[in-house]
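A short write-up of the structure that comes next.
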Amino acid sequence: MSGEDPRLQLWHGRFAGGPSEALQALNDSLPFDRRMFREDIAGSRAHVRMLTDVGLLAEDESQEILGALDAVEIEMADGTFVTASSDEDIHTAVERRVTELAAAGAKIHTGRSRNDQVATDVRLWTKSAIEEVIDLVHRLALTLADRAASAGDAYLPGYTHMQQAQPVALSHHLLAHGWSLLRDIERLIDAHGRVDVSPLGAGALAGSSLPLDPEQTARYLGFSATFDNSLDAVSDRDFVVETLFALSLLGVHLSRIGEEMVLWASQEFGFVDLDDAFSTGSSMMPQKKNPDIAELARGKAGRVIGHLTGLLTTLKGLPLTYNKDIQEDKEPLFDAVDTSRLTLLALDGMLSTVEFRTDRMAEAASSPYAAATDLAEWLVSQGRPFRDAHAIVGELVRAALEGDVSLVDLVGADARLGPEAAALLAPGVSVTRRTTRGGGAPSAVVQQLVSFRQRLAVLEAQRGHGDTDPL
Ligand code: ARG
């Protein structure tokens, strides 16, 4: 095999021949890891500056390499970068081009391996991806809060087992989804903390005999911490798994919102009218208006969960330290982030514009049976043990369902209950009575909304984005 084969550049000392096409097709990650070019170049800049600090690079060599790195970044950003067949991944592509542009480029890989380099790139990429996703989750949570604030006294049936249970304020229902998003933000912030550790300086797996300063590269890159164990630094992908988990659970929450919107948009429920800009039509049935965004929010969650289980499975059998299997971390991560971003944006648009059919909601929640629990609680307030109260109301419900007299009339005529209790069964009354902390009455939700917005502001401040001091 020819000594000029560019593919021999990286390991030309040891190998007499070049790689087969099949190996290249399977092995090369450049098609997907090129999107980390900014992170790769940032990592190289930090490494070069550190090498200069510790005297392994002369100042003029350093300037030459940094200039070449700038040029490569421009080429990659504007699409003029020409790949060579030897460019196995983003790291080899950048190094090859830097070496073409700068003679001192041959020193850039001093004390460094692609193993610590790729871990650095993925961590840098994940940090900003998490920050972007949090921004979008935050935005959706604010949309839910705004819609809750403007929902006023509107109410709808609350369900258990998908059976009408007790009426609740619409604002209460919307904020229930909001709180789960808030926990997603907490989880993403928590994961971000463990992503924020620099692996650069771990080398291939064992550190270096050269006087490297990993803490200095960590500082240059804006990492909050530096690895403690070089073996762990190059082989750990917990941070990708944790990010995928946080995105999966976020996906589950978005999916549950989606599922409800699908139901609510159906003719049978009719609780919402979707804005035209956020719904689709049918190619055949002219009357259709479909909740595709909501369905895709539901559908995409499966894909993200798949990425999580896929990567867990990839990692579970790996001995220390780096193994090529680990290259399989990037596509699921990138896709999960892209998918989450798209879903969050579309769902936010849909929820900001959806029209709530509060008339239909109230009508659905107006059945006197929905107030049966409140009736039993009224009896408790009159001194009856709850079990007895439950049985009394249960018998009246059965009598109403089986006979010709309505529940309201039965309650009004019952000596233990009477007109005051019957008044509770009027539409819209029972919902106003559940005023306990975190309860479903519109008046209770006023306080909940304040707490919700405060909590969101505190989380923003923790990230250094907000104007509220962290508690
Ligand atoms: N493309 C590889 C990855 O994404 C980079 C590290 C390869 N290291 C190696 N020694 N082959 O994981």
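All ligand and atom numbering here is 1-based and tracks the order in the structure. Counting begins at 1 with the first residue of the sequence.
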Q | Atoms of ligand 1 close to Asp89 [distance to a heavy atom under 4.0 angstrom, numbered from 1] | A | 1 (N), 2 (C), 5 (C)
Q) Between Trp179 and His253, does the ring centre distance come in under 6.0 Å? A) no
Q | Residues Arg463, Asp135: salt bridge by 4.0 Å N-O rule | A | yes
Q | With Arg219 via salt bridge (charged side-chain N to carboxylate O under 4.0 Å, His left out) - residues at least two apart | A | none
Q) Looking at Asn115, which atoms of ligand 1 are within less than 4.0 Å of one of its heavy atoms? A) 6 (C), 7 (C), 8 (N), 9 (C), 10 (N)
Q. When you measure from atom 2 (C) of ligand 1 to every protein heavy atom, which one gives the shortest distance, and what is it?
A. Gln327 OE1, 3.2 Å
Q: Heavy-atom distances under 4.0 Å are what count here, so tell me which part of Gln117 touches ligand 1: side chain, backbone, both or neither.
A: neither
Q) Are Arg455 and Glu186 close enough for a salt bridge, meaning some N to O gap below 4.0 Å? A) yes
Q: Provide the number and element of each atom of ligand 1 under 4.0 Å from a heavy atom of Ser29.
A: 1 (N)
Q. Any idea which protein heavy atom is nearest atom 7 (C) of ligand 1, and the distance to it?
A. Tyr322 OH, 3.5 Å
Q.
Measuring from non-hydrogen atoms of His91 to any atom of ligand 1, is the shortest distance under 4.0 Å?
A. yes
Q) With a cut-off of 4.0 Å, which atoms of ligand 1 are near a heavy atom of Lys330? A) 3 (C), 4 (O), 12 (O)
Q: Using distance alone, decide if ligand 1 has a nitrogen or oxygen within less than 3.5 Å of any nitrogen or oxygen in Glu88.
A: no
Q. Distance-only, no hydrogens or angles: does the His47 side chain make a donor-acceptor pair with backbone N or O of Thr110 under 3.5 Å?
A. yes
Q. Would you say the side-chain atoms of Glu331 pair up with the backbone N or O of Phe32, donor to acceptor, closer than 3.5 Å?
A. no
Q.
Other residues, nucleotides and ligands only: do more than 12 of their heavy atoms fall within 6.0 Å of CZ on Arg35?
A. yes
Q: Return the residue, atom name and 0.1 Å-rounded distance of the protein heavy atom closest to atom 11 (N) of ligand 1.
A: Arg114 NH2, 3.5 Å
